[in-house]
Number of protein chains: 2
Amino acid sequence: MPATAHKKLAHSAKWFHALADETRLQIIDCLTDGEQCVCDLTEKLAAAQSRLSFHLKTLKDAGLVKDRRDGRWIYYSLNGEALEQLSELVADLKGQSRKGPSLSPCCK
Amino acid sequence: MPATAHKKLAHSAKWFHALADETRLQIIDCLTDGEQCVCDLTEKLAAAQSRLSFHLKTLKDAGLVKDRRDGRWIYYSLNGEALEQLSELVADLKGQSRKGPSLSPCCK
DNA sequence: AAATTACATCAACGAATATTGATTAGTCAA
DNA sequence: TTGACTAATCAATATTCGTTGATGTAATTT
């Protein structure tokens, strides 16, 4: 089993897992308007701070969002590169783009 | 809170959840080669039958795959329409396609 | 009808996740 | 330094998820 294929597989699953939550999808949607600090999001989403902090960490660990500290604020924003790669991945899943290597070693 | 937006949100999360598993991603990758029965997949993925049946149900419930019975075999295949919609959804997440309604009612 | 094949479902267990409230860690201004 | 403010982390709890092995079901063959 090719280690590279397995890594891509694991990474893909991680991305999708990060997106598999309504709160996190709302966060991402908010971030399409531009970078926001946590306090912005707590207002807009009417969610507890610790909860959003948790979900932001999940998104950040997955590489989907970036953060930037400015004084006492930490601004979160979308990671455009990762979302672009995600877009290509979904195209692969459709089987329409057969350029990249297969995710699964058994279905070459 | 618009019920439609919330439904779209929940549906999106369901899609991503279905994709947030390595076994299920492998299944989808296999299915890009065309429809397969469960026994095909147990061979190719070297996984227990009950395990694949569980994951196939998850994918089917999410609407990402379809099944078709032919005698004692049940053939699974990708649902191209759903994958197309998923593709558009990811474009929305990138914020590049601002045609569709926002996922989150608070970030209009 | 009985046996076989292909697949679904169930029960049970451990592992991972999400939520809440409280605490801790930085940052800044007075 | 004190206090106010932003955000991360911790502890405790409840829920969800994935796997396995056993059982159930439907279609086919003998």
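In what follows, chains carry the letters A, B, and so on, assigned in the order in which the sequence lines appear, proteins first and then strands, with residues in each chain numbered from 1.
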Trainee: Which residues in residues 62-71 of chain B have at least one heavy atom lying under 4.0 Å from any atom of DNA chain D?
Mentor: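 Hits under 4.0 Å, by residue number: B:Arg69, B:Gly71.
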Trainee: Roughly, in whole Å, what's the span from CD1 in B:Ile74 to C1' in C:dC7?
Mentor: 6 Å
Trainee: Say whether, by atom type as modelled, one donor and one acceptor occur between the side chain of B:Gln36 and the main chain of B:Cys30 under 3.5 angstrom.
Mentor: yes
Trainee: Check for a donor-acceptor pair, side chain of A:Trp15 on one end and backbone N or O of A:Ala62 on the other, with a separation under 3.5 Å.
Mentor: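 Present.
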Trainee: In whole angstrom, what separates B:Lys60's NZ from C:dC7's P?
Mentor: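 So the NZ-P distance, B:Lys60 to C:dC7, works out to 13 Å.
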Trainee: A:Leu93 versus B:Leu19: any side-chain heavy-atom pair under 4.5 Å?
Mentor: yes
Trainee: Can you give me the first and the last nucleotide of DNA chain D (5' to 3') that has an atom within less than 4.0 angstrom of a non-hydrogen atom in chain B?
Mentor: D:dC17 to D:dT29
Trainee: Going by salt bridge (Lys or Arg N to Asp or Glu O under 4.0 Å), name the pairs with one or both residues in residues 14-23 of chain B, residues two or more places apart or in two chains.
Mentor: none
Trainee: Calculate the interatomic distance between A:Leu59 atom CG and C:dA18 atom P; express it in whole Å.
Mentor: 10 Å
Trainee: What are the atom names and distances for every N/O pair under 3.5 Å that joins the protein to nucleotides 11-17 of chain C?
Mentor:
none

Trainee: Any side-chain heavy atom of A:Ile27 within less than 4.5 Å of one from A:Leu31?
Mentor: yes
Trainee: Please output the side-chain donor-acceptor pairs of residues 69-82 of chain A that fall under 3.5 Å, not counting sequence neighbours, one pair per line with the distance.
Mentor:
from	atom 1	to	atom 2	distance (Å)
A:Arg69	NE	A:Gly71	O	3.1
A:Asn79	OD1	A:Glu81	N	3.2
A:Asn79	ND2	A:Gly63	O	3.0

Trainee: When you check the gap from the basic side-chain N to the acidic O, do A:Lys57 and A:Asp61 get nearer than 4.0 Å?
Mentor: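 Result for this pair is yes, salt bridge flagged.
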Trainee: Which whole-number value in Å describes the distance from B:Gln49 CD to C:dA8 C1'?
Mentor: 7 Å
Trainee: When you check the phosphate oxygens OP1 and OP2 of C:dA8, does a side-chain N or O of B:Tyr76 lie under 4.0 Å from one of them?
Mentor: yes
Trainee: Could you pick out which residue, A:Arg51 or A:Arg72, lies toward the 5' side of DNA chain C when each is mapped onto its nearest nucleotide?
Mentor: A:Arg51
Trainee: Can you figure out which of C:dG21, C:dT19, C:dT9 approaches the side chain of A:Thr23 most closely?
Mentor: C:dT19
Trainee: So, do A:Ser87 and A:Val90 sit near enough that their side-chain heavy atoms are less than 4.5 Å apart?
Mentor: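 With C-beta onward as the side chain, the pair stays apart.
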Trainee: If I take atom CG in residue A:Leu45 and atom P in nucleotide C:dT19, what distance separates them, rounded to the nearest angstrom?
Mentor: 12 Å
Trainee: What residues, two or more places apart in sequence or in another chain, satisfy side chain to side chain donor-acceptor pair (under 3.5 Å) together with A:Glu35?
Mentor: A:Arg68
Trainee: Evaluate the side-chain proximity of A:Lys94 to B:Glu84: yes if any heavy-atom separation is below 4.5 Å, no if none is.
Mentor: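 A side-chain contact under 4.5 Å exists here.
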Trainee: In whole angstrom, what separates B:Leu52's CG from C:dT9's P?
Mentor: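 After rounding, the gap between these two atoms is 14 Å.
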Trainee: Salt bridge check: are B:Asp92 and B:Lys8 linked by an N-O gap of less than 4.0 Å?
Mentor: yes
Trainee: C:dA8 C1' sits how many Å from B:His55 NE2, rounded?
Mentor: 14 Å
